[in-house]
Amino acid sequence: MSEVELHRCLEAILMVVDGPVSELVLAQIIEAPTDEISAALLSLTAKYESEQRGFELRQVSGGWRYYSHPEMAPLVEKFVLDGQQAKLTQAALETLAVIAYRQPVSRARVSAIRGVNVEAVMKTLVNRGLVEEAGVEGESGAILYQTTSFFLEKLGLNSIADLPALAPFLPDIDGLDELLSTLTD
Amino acid sequence: MSEVELHRCLEAILMVVDGPVSELVLAQIIEAPTDEISAALLSLTAKYESEQRGFELRQVSGGWRYYSHPEMAPLVEKFVLDGQQAKLTQAALETLAVIAYRQPVSRARVSAIRGVNVEAVMKTLVNRGLVEEAGVEGESGAILYQTTSFFLEKLGLNSIADLPALAPFLPDIDGLDELLSTLTD
Amino acid sequence: MSQKNLSTAQVTPASITDGRVAGFSLHLSNFDGPFDLLLQLISKHKMDITEVALGAVTDEFIAYIKQLENAESGWDLDKTTEFLVVAATLLDLKAAKLLPSGQVDDEADLALLEARDLLFARLLQYRAFKEIASIFTERIDREDKSFARLVALEPHLAQLLPEVLIGVGAQRFAAIANRVLTPKTSPVFSIDHLHQPTVSVAEQASKIVEQLRRTGRMTFRGLTADAENTVVVIARFLALLELYKEGVIRFEQMISLGELQITWVGSAQGEVRVSDEFDVPVQTIDETDNV
């Protein structure tokens, strides 16, 4: 594979994957030798720097990830502080809704219900103090999540019991749980 | 601000967002005229395409965000747990088309246009988040429906105004508009 | 109403022949409602919708309805009516075409023109949306190949975030939960028809025979006064038609839409045969969406 092609593959994967991805995993997915991947990552990083991009590729805790360029920090911080980011996205709201009504619940199960990977959104919700860890699931050892008292406060509720009941046209909880468990297992 | 600098600012901000960002917000943060921002976004998009990047910048559902390049889909799919949602049936697509162009619209009117009962299909579209209720019709009290922002995202549209014009699909015949308006009310 | 014709019907002997031969040898793809069938028939003949060879298409349309009636799945009332409306309009138009052409001077002709224009206007509109639907498919296919960047904020930036806004109230939040938690994979079946027990026409006929033998003469209103629902009313009406065919009753209606009088003219005793052609079990072919 040519370097240009390798760059293209790396860019596509790293742009949409949350969290650092290791060279080994990248090599497996792209089906190229690890040393070629390593070389391509280094040359791509150098290229971004020479092109004065607003972002950069950085190797952090065993993997590669896109970051905004440090020189752009004042601008990005201004954007983050602006309040535009204060509102939850639709994806975050939907994930929060699943956790609120199914807590305590594992990330895998929330993913199965939403039909998408919720890793990034879950991190956001934890970062924003709306969701917290709540022990581990007995058999699987998966981390369970629940909503926080800050979440209740934000929604203007006294307790989880005050959440509006789900509409009656949903299958009853037993049936639904059964259905969902077939999805997650 | 030079175009290179503008590109750098845009790249830095768009790298940290998890939802579409409007040109207006970008203009406020970067402190540049909105039309300059718009032009810079377009030239950046064109640049990525000519450089054969693995990612692209697109305007969807009212804002700009990074996407992996469609040609890289097979590779990215190995990483992303996609919902792999069942494809919409022909009946669902046609119903969605009628709603998109006639919204807000009652179920009865959609039925009249398609010549079949659309009750079940309508439920499916609501369940899948593509269509939502939008109040009731004044006289009849019938529930009205409209498309959602998820529909826009699903179709890669910026807004309902970006739907292709219906006119070219209807033959240019005198009186047809008049006729259709008497039919659908 | 525009008097300009939306269709220029031209029946050529060749297209009739083609239609008849092809109609039963070709398999149409699944269609969804009468407009869909009509469009498929028209496109099969490679005809412009605005220049439809009415005769050929009408014949085939009727042929398909017959075919479907005889098919195992059968038809439900709703579906059949939808198709009959279109078929009746087509037949009207075809009949008009067979008459010597003249000016439009008669009210019936005017009505016919309107019916034709309406039908073709609706068909044109439906075709437009069908074409839009295929654009939607292309767009969705394209979109399914793009994955949005959806990553958590860099940790040092996350600390800067202002206090979060959920942005919706508790009720709206519950509505979102409802939507997300509703299983997306289960098909939605309409079960409305299950609540209605099947009504037997033969059974209704024997009730009517009993009543008419006792009273000799009744109005249709009287005969259906105790009907629990519309289906029973329809069954009794069908039963009356059957009884009329057997020659045991007589209908009288003094004015159009006036009271319908039924008089018993059959024997005072003995069994009256009523065919069971209406009592064939019917499966609904509701438009269920397999998603």
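Values in this document were obtained by computation on a predicted structure and should not be read as measured data. All chains are named by letter (A, B, ...) in the order of the sequence lines, taking the proteins before the strands, and each is independently numbered beginning at 1.
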key: Where A:Lys78 and B:Ile29 come nearest, the two heavy atoms and their spacing   = NZ-O, 2.8 Å
request  = May I ask you to name which of A:Arg53, A:His69, A:His7, A:Glu51 has the most heavy-atom pairs under 4.5 Å with chain B?
outcome  = A:Arg53
remark   = Minimal heavy-atom distance between A:Ala12 and B:Ser68, with the atoms involved, is O-CB, 3.7 Å
request  = Can you see which heavy atom on A:Tyr66 is nearest to which on B:Met15, and at what distance?
outcome  = CB-SD, 3.8 Å
query = What part of B:Glu5 gets closer than 4.5 Å to chain A, counting heavy atoms only: side chain, backbone, both or neither?
reply = neither
message = Using the rule given for side chain to side chain contact (heavy atoms under 4.5 Å, CB included), can you reason through A:Tyr67 versus B:Val16, listing the C-alpha separation, both sets of side-chain angles and the distance that settles it, and then say yes or no?
response = CA-CA 7 Å; A:Tyr67 287 91; B:Val16 303; over 6 Å; no
message = At a heavy-atom distance under 4.5 Å, which candidate from A:Glu119, A:Gln90, A:Met72, A:Glu94 has the highest pair count against chain B?
response = A:Met72
note = Output for pair (B:Ile13 CD1, A:Phe55 CZ), nearest 0.5 Å, gives 14.0 Å
message = Assess the residue pair B:Val17 and A:Phe79 against the criterion (side chain to side chain contact (heavy atoms under 4.5 Å, CB included)); give the C-alpha distance rounded to whole Å, side-chain angles, the decisive distance to 0.1 Å, and a yes or no.
response = CA-CA 10 Å; B:Val17 297; A:Phe79 173 72; 3.2 Å; yes
request  = Check each atom of A:Leu10 against the heavy atoms of chain B and say whether the ones under 4.5 Å are side chain, backbone, both or neither.
outcome  = neither
message = With a 4.5 angstrom heavy-atom cut-off, is it the side chain or the backbone of A:Glu31 that approaches chain B, or both, or neither?
response = side chain
query = Is the side chain of A:Arg8 donor-acceptor paired with the backbone N or O of B:Gln52 at a distance under 3.5 Å, no angle test?
reply = yes
remark   = Turns out that what part of A:Val21 lies under 4.5 Å from chain B's heavy atoms comes down to side chain
inquiry  = Quick check on A:Glu71 against chain B: is it the side chain, the backbone, both or neither that has a heavy atom closer than 4.5 Å?
reply    = side chain
key: Under 4.5 Å from a heavy atom of chain A, the part of B:Glu56 involved   = neither
note = Heavy-atom closest pair (A:Gly54 atom, B:Glu11 atom, distance to 0.1 Å) is N-OE1, 2.7 Å
